[in-house]
Amino acid sequence: MNLISPTVNRWIQEGKENPEAFWEKAAKELHWFKTWESVFEWNYPAFRWFSGGQTNLAYNALDFHVKRGWGGHTALVYINERGERRLFTYAHMLYEVKRIAAALRGMGIKKGDRLTIYMPTCPEAIMLMLATVRIGAIHSVVFAGFGENALGDRIQASGSKLVFTTDITYRKGRDVRLKEIVDGALKNVKNEVEHLILLKRGAEEVNIEAGRDIMWDDFLQRSKGQNGDCVPMESNEPAFILATSGTTAKPKLAIHTHGGYQVHIASMARWCFGLKPTDVWWATSDIGWIVGHSYIVYAPLITGCTTLAFEGALDHPHAEANWRIAIEEFAVSGVFTSPTAVRLLMRYGDEPLKRVNHDQLERIFCAGEVLNAPAWDWLQNKMLGNKIPVIDHMWQTETGGPVFGNPYGIGMLPTKAGSATIPLPGIDVAVMTPEGEPCAPGEKGIMVIKRPFPGLTPALWGEPERYGKDYWEKIPNVYYTGDSAHIDEDGYVWFAGRADEIIKIAGHRIGTIEVETAFLKHPAVAESGVIGRPDEIRGEVISAFVLLKNGQTASAELKKELLDTVRHELGPIAVIGELNFVSMLPKTRSGKIMRRVLKAVTLDKDPGDITTIEDEGSVTEAREAWAQMKSEIEAGKEL
């Protein structure tokens, strides 16, 4: 049975048969100051999209809408865990962005200069991002939770002239101090950071370094005598650089451009998310991640809709508090969240979300890691009564926007829980063996991209050789995503985890996602994380960490039930060496489990540079979480 509808199939075929014409048609949906001279040039591995074309991300996000009479429409709604609400129209946003752009010019910032933004998801940070790209400068946003070493590395690598921060951010009722982290980071930065601009929000005094530190209001005064005019940018000029959000020790700074990136994220907003100007859209991510860049800030504003930005912990002060404000008070029509957030809410049981009125909500999208079938079923069927689609999809920092998904905006396909559905139109992929041979349907291999598309990062900042080596040479002539996957007989894509995290047990290859999903089949489990650990006989066995739902208690009986569940789901090849009950799983705020930390706990080694863990705001706290997991495991050994 063919599950791909004729409409969607037509789009797919058009993208394959003539990709240049396909993407040129998509580009024409946007405003350009000057039309391109050529659609696509590929000097392997380097490539260019829409060469000679001139555009600007910030102009299309704001000016374009004000000029078409949309200035009175709400552009941005900001809410935080403390109940604060701030709203900005497109006209007001443009006014403020122009003022910040003029202030940047007053600070000597010009086209091509870099600046680092170490701020929470707040209006000033979002407007600063827009102002930066408006004048042709390049922003490097660093998640406001990274420790000083990670922040310093990113400031150094970007060569930033200015660093922007706030004194505090809000997290689970606490003021998390940021200024001291920046001060520590700047002590180790070798290149010359000219100034640190501080947006003060809290009542407590902060250290100010004379001559270097400037308060936000004084920064805005630098706008006097300057203009906030927009600079037309050639399509391939960088708009921003962003460190990949994976768990590797040395981050890669991906470059995204004004032209190709914009075409991709705006197109996928329509095709994948069905985004339209009348939507109220809520991406629950953070501006420190690519989701925040693409689907809190740029694509929703380019679309002309209302984007909701949230600061804080989703479940503070109580489980459904912020979900209710967004869904009921602001009538959110589309949500983009992470499987981590779904499982967090699931841990509280059914009642909190059932108390929320979802009548205005039309669709929910998930990405960050695989949305396991049990979590999908809980949200789609138990919470939403199968009235609102919950749609998984997949992409990476390097791709700018969605690559695999259910093309909701073109025509929704049947859902297979746990699958990312299909490669989206305009995306040409394959599953290959590590040697570069094509895999048969159902055969697990490495997901690769056969041809660049406009959103794909064309380079790494400051590391041109590493770009080719890391992405295009591991399997020659194709882009290496690093993900293990297979494509089934219907053309649906199933991701099994990172290729280097596949567990090899007595010659059998099993994905981390498969094992974690099997654990979730037991009703007591809220979330799980697994790794492979060395075993003399089998090569590797599974080391599992299980987080129980509220009200559930760890016991020897429950441990046996869980082992039986996994064996029933996956068979005897899934040999579990140990099962540990824990109260938290270490993960990045973008939702990825930090398996390096799990491995460190299992092997009793130092985890190295942990940059951020869910619910933790610093390296120190991350190490405390590592120590907490170790003590919990020690205490549970008698089970």
Side-chain angles (χ1 to χ4, degrees), residues 12-13 15-20 22-23 40-49 244 246-248 250 252 254 260 264 369-370 394-400 402-405 419-460 463-514 532 539-540 595:
I12 292 169
Q13 292 309 315
K16 283 185 176 178
E17 289 165 8
N18 194 339
E20 291 188 26
F22 179 86
W23 285 112
F40 179 62
E41 301 164 9
W42 195 3
N43 184 16
Y44 177 88
F47 56 85
R48 294 169 62 84
W49 282 97
T244 55
T247 57
T248 54
K250 187 170 189 278
K252 293 177 273 199
H264 183 72
E369 56 180 344
V370 172
M394 184 275 181
W395 46 300
Q396 302 174 329
T397 300
E398 295 91 337
T399 69
V403 179
F404 303 89
S419 169
T421 315
I422 61 169
L424 290 160
I427 310 295
D428 192 5
V429 305
V431 177
M432 290 184 167
T433 67
E435 295 72 38
E437 296 298 320
C439 292
E443 182 185 352
K444 200 177 295 172
I446 310 294
M447 180 60 73
V448 301
I449 297 167
K450 295 164 71 175
R451 190 179 194 278
F453 53 89
L456 189 64
T457 182
L460 295 176
E463 297 186 293
E465 297 83 10
R466 189 180 181 188
Y467 177 72
K469 181 168 165 287
D470 280 11
Y471 295 119
W472 291 95
E473 293 172 16
K474 289 189 175 178
I475 300 178
N477 302 313
V478 292
Y479 177 94
Y480 184 92
T481 68
D483 286 304
S484 176
H486 73 270
I487 299 176
D488 69 18
E489 63 281 357
D490 295 317
Y492 278 48
V493 178
W494 300 80
F495 286 96
R498 297 295 288 171
D500 56 5
E501 292 170 353
I502 292 296
I503 304 168
K504 305 170 192 72
I505 305 172
H508 299 282
R509 296 167 60 84
I510 189 164
T512 51
I513 301 298
E514 295 169 286
E540 281 188 313
R595 301 182 199 282

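From a predicted model like this one, the values you see are computed outputs, not experimental measurements.
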How long is the span from the [atom1] atom in [X] to the [atom2] atom in [Y], to the nearest 0.5 Å?
X    : Y    : atom1 : atom2 : answer
L460 : E465 : CG    : CD    : 10.5 Å
I510 : I513 : CD1   : CD1   : 11.5 Å
L456 : I449 : CG    : CD1   : 5.5 Å
R595 : R498 : CZ    : CZ    : 10.5 Å
I427 : T399 : CD1   : OG1   : 8.0 Å
E398 : T244 : CD    : OG1   : 5.5 Å

Less than 4.5 Å apart, any side-chain heavy atom of [X] and any of [Y]?
X    : Y    : result
I475 : I446 : yes
V403 : Q396 : no
W23  : F40  : no
I502 : D500 : no

Ion pair check, E463 and R466, cut-off under 4.0 Å: yes
Donor-acceptor contact below 3.5 Å, side chain T481 vs main chain V448: no
N/O donor-acceptor pair under 3.5 Å between E540 side chain and K504 backbone: yes
Nearest heavy atoms of [X] and [Y], plus distance in Å:
X    : Y    : answer
V429 : P423 : CG2-CG, 3.5 Å
G426 : F22  : CA-CE2, 3.6 Å
A499 : Y480 : CB-OH, 3.9 Å
A420 : M394 : CB-CB, 4.2 Å

Partner of Y471 by ring pair (Phe, Tyr, Trp, His ring centres under 6.0 Å), out of F47, Y44, Y479: Y479
Partners meeting salt bridge (Lys or Arg N to Asp or Glu O under 4.0 Å) with E20 (sequence neighbours left out): R451
Partner residues of E41 under the salt bridge (Lys or Arg N to Asp or Glu O under 4.0 Å) criterion, sequence neighbours left out: R48
With E514 via side chain to side chain donor-acceptor pair (under 3.5 Å) - residues at least two apart: K444
Stepwise salt bridge (Lys or Arg N to Asp or Glu O under 4.0 Å) test for D428 and K16: CA-CA 7 Å; D428 192 5; K16 283 185 176 178; 5.3 Å; no
Name the atoms and distances for all side-chain donor-acceptor pairs under 3.5 Å in residues 435-443, with sequence neighbours left out.
unit_1, atom_1, unit_2, atom_2, d
E435, OE1, T433, OG1, 3.4
E443, OE1, A440, N, 2.9

Pairs flagged by ring-ring contact (aromatic ring centres under 6.0 Å, His included) wherever residues 426-459 is involved - sequence neighbours left out: H264-F453
Using distance only, find each side-chain donor-acceptor pair of residues 486-496 under 3.5 Å and give its atom names and separation, not counting sequence neighbours.
unit_1, atom_1, unit_2, atom_2, d
D488, OD1, D490, N, 2.9
D488, OD1, G491, N, 3.1
D488, OD1, Y492, N, 2.9
D488, OD2, K416, NZ, 2.8
D488, OD2, W494, NE1, 3.0
D490, OD2, K416, NZ, 2.6
Y492, OH, P414, O, 2.6

